[in-house]
Participant: 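The structure is given below, and queries will be raised subsequently.
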Amino acid sequence: MRELVANLAGIALFAVPGFALTGLFPGLRAIPWIRRLGFGYLLGVATVAGSLYALSALLEVPLRRPAIFGTAAVLTAAGLAGWIRSRLARRELRRGLPGRARLAALALALAGAGVSAGLIADAVAYPLRDWDGRMHWSAQARYIRHEGSVLPLAIIRGQWFINHPRYPVLLPVAQVAVLEATGAGEDDMFFRGLYAAFFPALLLVLYDGARRWAGWLPAGLSVAAASGIPFLTFFPDGGATSSYSDLPLGCFYGAALVLLLRGRTLPSDGIAAGLLLGAAVLTKNEGTILAGFALLAAALIPGLRLWRKRLWRKRQTAPIPPAPRRRLLLKGARLCAAASVMVAILAFFLFWRLQIPNRQDEMYEDFVTAGHFFPDVITRIPEYGGQILAQTFLTWDHWVGFWWAAIPLFLAGWGVLKGRRAALSWPLLIGFAAPLAIAWGAYTVHWHPDELVKVTWERFLVQGSLPLFLLLALLLRETLRRSPLARWSVRLARLSQ
């Protein structure tokens with residue numbers, strides 16, 4: 001019972017301030033409260049752990065209970081002030097689900113809630129079983145907790161053997177916050193619930209975006225598909241039962257992309273997206289590159305919609321109407337807000353990183369700048385291409401045949417890449433491809449890429465999971481729209497009138 005209470009308290013340490021903070025953003029307040037919980041949890045980890053990260057590095061504030069509870073209380077109070085100022089919030093809390101969405105909500109409840117409860121049970125009942133979590137990030141969390149600082153002597157003194165000392169430590173800081181807040185002993189792992197809660201957050205954000213863009217049935221099916229993939233959930237090499245940072249990174253990155261692609265153009269959504277992109281920067285090294293890809297993908301929407309309406313062909317003779325022009329300006333403001341917040345967090349991260357001497361690190365950037373990189377991008381594919389195919393299509397216990405079903409679904413619904421949904425499907429496709437492009441670059445410069453593929457390829461797939469399943473929902477919508485069942489239902493509806 002003590003383990004269960006401590007894990008739930010660790011989740012609440014971030015969920016309560018994060019949910020309160022959604023009151024500061026009108027775009028998030030407009031989301032039904034159940035879905036808003038997913039964004040709230042991610043915002044809570046980003047702001048509470050991120051604030052502690054900054055307070056420790058910039059002001060040398062000790063990472064102890066006063067700082068942890070004080071930071072959570074200040075953020076909660078700021079969010080509640082936003083709720084009080086908004087009359088809209090009171091109505092939204094009472095709003096229920098539309099009648100047509102009940103089937104999708106049922107699929108979410110049955111598939112997502114059951115798996116999420118199993119993840120919490122696993123976090124309570126078993127010790128941590130993954131390699132990187134024990135070897136690297138939990139070890140760094142021990143150093144940080146011992147000194148109460150994100151710059152402990154073991155990291156900033158070059159004579160100590162530390163793997164990846166310059167690696168961003170947002171999740172280790174979150175671990176320390178949970179352990180300190182719950183009064184955990186040295187061997188207690190009350191932080192495991194922190195990682196397990198990222199999976200229901202992913203499902204809620206996925207359902208929110210898929211429900212808005214694809215409809216209730218594709219949203220429910222995509223949530224059910226994500227819930228049934230073992231590698232995302234119970235596998236200790238990158239899923240929610242591990243302390244790997246790939247699933248949290250995928251959640252931060254994917255949720256920011258959802259906010260940047262929303263049709264409701266509110267600049268405040270850009271601030272929330274920038275906080276999530278900043279959390280991605282502070283979670284893993286590749287988070288900075290993924291944040292850039294997210295901003296690039298969001299910038300494609302105005303261009304694709306202009307192309308679809310063919311406005312630029314007429315701009316010499318007919319100016320853009322005021323309403324489309326205003327929407328373009330609002331989208332630009334949202335994008336600039338997100339980029340500004342993310343760049344500010346990136347500047348802080350570089351400041352923290354420059355104080356740490358590097359050692360025991362692959363230093364991929366040195367290889368990328370070498371002259372032979374660009375030819376090797378193509379010529380080295382045969383060394384690891386077969387292993388990628390095997391990891392993707394032959395690991396049945398990891399993906400239960402998901403990729404075998406995804407290919408025919410893409411072929412059946414490829415029309416989503418053109419027409420009205422192109423402005424969404426192409427950015428989502430880029431969002432999914434971005435982690436795979438990073439993997440391609442890493443395998444190009446690595447001395448044993450076939451071995452690296454075995455331990456990292458599926459984790460890169462996890463990083464792109466939210467854009468992937470959102471794209472899956474759009475493909476399902478297109479496939480269902482073209483199916484004979486859809487045509488028969490339309491005919492029956494016409495006959496009944």
Participant: Got a sec, which pairs hit salt bridge (charged side-chain N to carboxylate O under 4.0 Å, His left out) with one end in residues 383-395, sequence neighbours left out?
Facilitator: R380-E383
Participant: State the CZ-OG distance between R129 and S243, to the nearest 0.5 angstrom.
Facilitator: 11.0 Å
Participant: Could you give the distance from CG (L232) to OG (S465), rounded to the nearest 0.5 Å?
Facilitator: 5.5 Å
Participant: Quick one, V223 with L204, criterion side-chain contact (heavy atoms from CB on, under 4.5 Å). Give me CA distance, side-chain angles, the key distance, then yes/no.
Facilitator: CA-CA 8 Å; V223 166; L204 291 169; over 6 Å; no
Participant: Verify, without hydrogens or angle tests, whether S242 (side chain) and G239 (backbone) share a donor-acceptor contact under 3.5 angstrom.
Facilitator: yes
Participant: Hey, are the side chains of I381 and W440 touching, using non-hydrogen atoms and a 4.5 Å cut-off?
Facilitator: yes
Participant: Charged N to carboxylate O below 4.0 Å: is that the case for D208 and R212?
Facilitator: yes
Participant: About how many Å separate CG of L249 and CG of L170, when rounded to the nearest 0.5 Å?
Facilitator: 10.5 Å
Participant: Of the non-hydrogen atoms in A255 and L42, which two are nearest, and what is the gap between them?
Facilitator: CB-CD1, 3.6 Å
Participant: Please examine the side chains of I11 and N7, heavy atoms only from C-beta on, and report whether any two atoms are closer than 4.5 Å.
Facilitator: no
Participant: Parallel, tilted or perpendicular: which describes the rings of F198 and Y195, with under 30° parallel and over 60° perpendicular?
Facilitator: tilted
Participant: Can you find a heavy atom in the side chain of I31 that is under 4.5 Å from one in the side chain of R262?
Facilitator: yes
Participant: List the atom pairs, with distances to 0.1 Å, where a side-chain N or O of residues 274-286 and a protein N or O form a donor-acceptor pair under 3.5 Å, not counting sequence neighbours.
Facilitator:
from: T283; atom 1: OG1; to: A279; atom 2: O; distance (Å): 2.5
from: K284; atom 1: NZ; to: D246; atom 2: OD1; distance (Å): 2.9
from: K284; atom 1: NZ; to: E286; atom 2: OE2; distance (Å): 3.3
from: E286; atom 1: OE2; to: Q463; atom 2: NE2; distance (Å): 3.0

Participant: Of all the heavy-atom pairs spanning L470 and A210, show the shortest one and how long it is.
Facilitator: CD2-N, 3.4 Å
Participant: Work out which heavy atom in G413 is nearest to a heavy atom in L475; give both atom names and the distance.
Facilitator: O-CD2, 3.3 Å
Participant: Could you check whether any side-chain N or O of T233 sits under 3.5 Å from a backbone N or O of P230, counting only pairs where one atom can act as donor and the other as acceptor?
Facilitator: yes
Participant: Can you sort out the partners of Y384 under ring-ring contact (aromatic ring centres under 6.0 Å, His included), two or more places apart, ordered by chain and number?
Facilitator: Y443
Participant: For L480 versus P218, what's the shortest heavy-atom pair and its separation?
Facilitator: CD1-CG, 4.3 Å
Participant: Are any of the side-chain heavy atoms of P449 and T444 separated by less than 4.5 Å?
Facilitator: no
Participant: Please determine whether side-chain contact (heavy atoms from CB on, under 4.5 Å) holds for the pair V45 and L194, giving the CA-CA distance in whole Å, both sets of side-chain angles, and the decisive distance to 0.1 Å.
Facilitator: CA-CA 9 Å; V45 177; L194 160 74; 4.3 Å; yes
Participant: How long is the gap from CG on L429 to CG on L474, to the nearest 0.5 Å?
Facilitator: 11.0 Å
Participant: Are any side-chain N or O atoms of W426 and backbone N or O atoms of L417, one a donor and one an acceptor, separated by less than 3.5 Å?
Facilitator: yes
Participant: Is there a donor-acceptor pair closer than 3.5 Å between any side-chain N or O of S425 and the backbone N or O of V416?
Facilitator: yes
Participant: Who pairs with F234 by ring-ring contact (aromatic ring centres under 6.0 Å, His included), at least two apart in sequence or on another chain?
Facilitator: none
Participant: So do L206 and S222 actually touch side chain to side chain, heavy atoms under 4.5 Å?
Facilitator: yes
Participant: Test L261 against L428 for side-chain contact (heavy atoms from CB on, under 4.5 Å), laying out the working first.
Facilitator: CA-CA 9 Å; L261 298 181; L428 291 175; 3.8 Å; yes
Participant: Atom CG in L466, atom OH in Y253: separation rounded to 0.5 Å?
Facilitator: 10.0 Å
Participant: So, do F235 and Y244 have ring centers that fall under 6.0 Å from each other?
Facilitator: no
Participant: Check each of W403, W404, W399, W457 against F393 using the ring-ring contact (aromatic ring centres under 6.0 Å, His included) test, and report the only one that passes.
Facilitator: W404
Participant: Nearest 0.5 angstrom please: R36 CZ to L43 CG, how far?
Facilitator: 11.5 Å
Participant: For F348, which residues count as a ring-ring contact (aromatic ring centres under 6.0 Å, His included) partner, sequence neighbours excluded?
Facilitator: Y53
Participant: Can you see which heavy atom on D237 is nearest to which on F231, and at what distance?
Facilitator: O-CZ, 3.8 Å
Participant: With side-chain contact (heavy atoms from CB on, under 4.5 Å) as the test, would you mind laying out the steps for W213 and R477 before giving the verdict?
Facilitator: CA-CA 9 Å; W213 296 330; R477 177 185 181 275; over 6 Å; no
Participant: On a heavy-atom basis, which atom in A12 and which in P17 lie closest, and how many Å separate them?
Facilitator: O-CD, 3.7 Å
Participant: Taking the side chain as C-beta and beyond, is there a heavy-atom pair between V258 and F39 under 4.5 Å?
Facilitator: yes
Participant: Table please: side-chain donor-acceptor pairs of residues 291-299 below 3.5 Å, with sequence neighbours left out.
Facilitator:
none

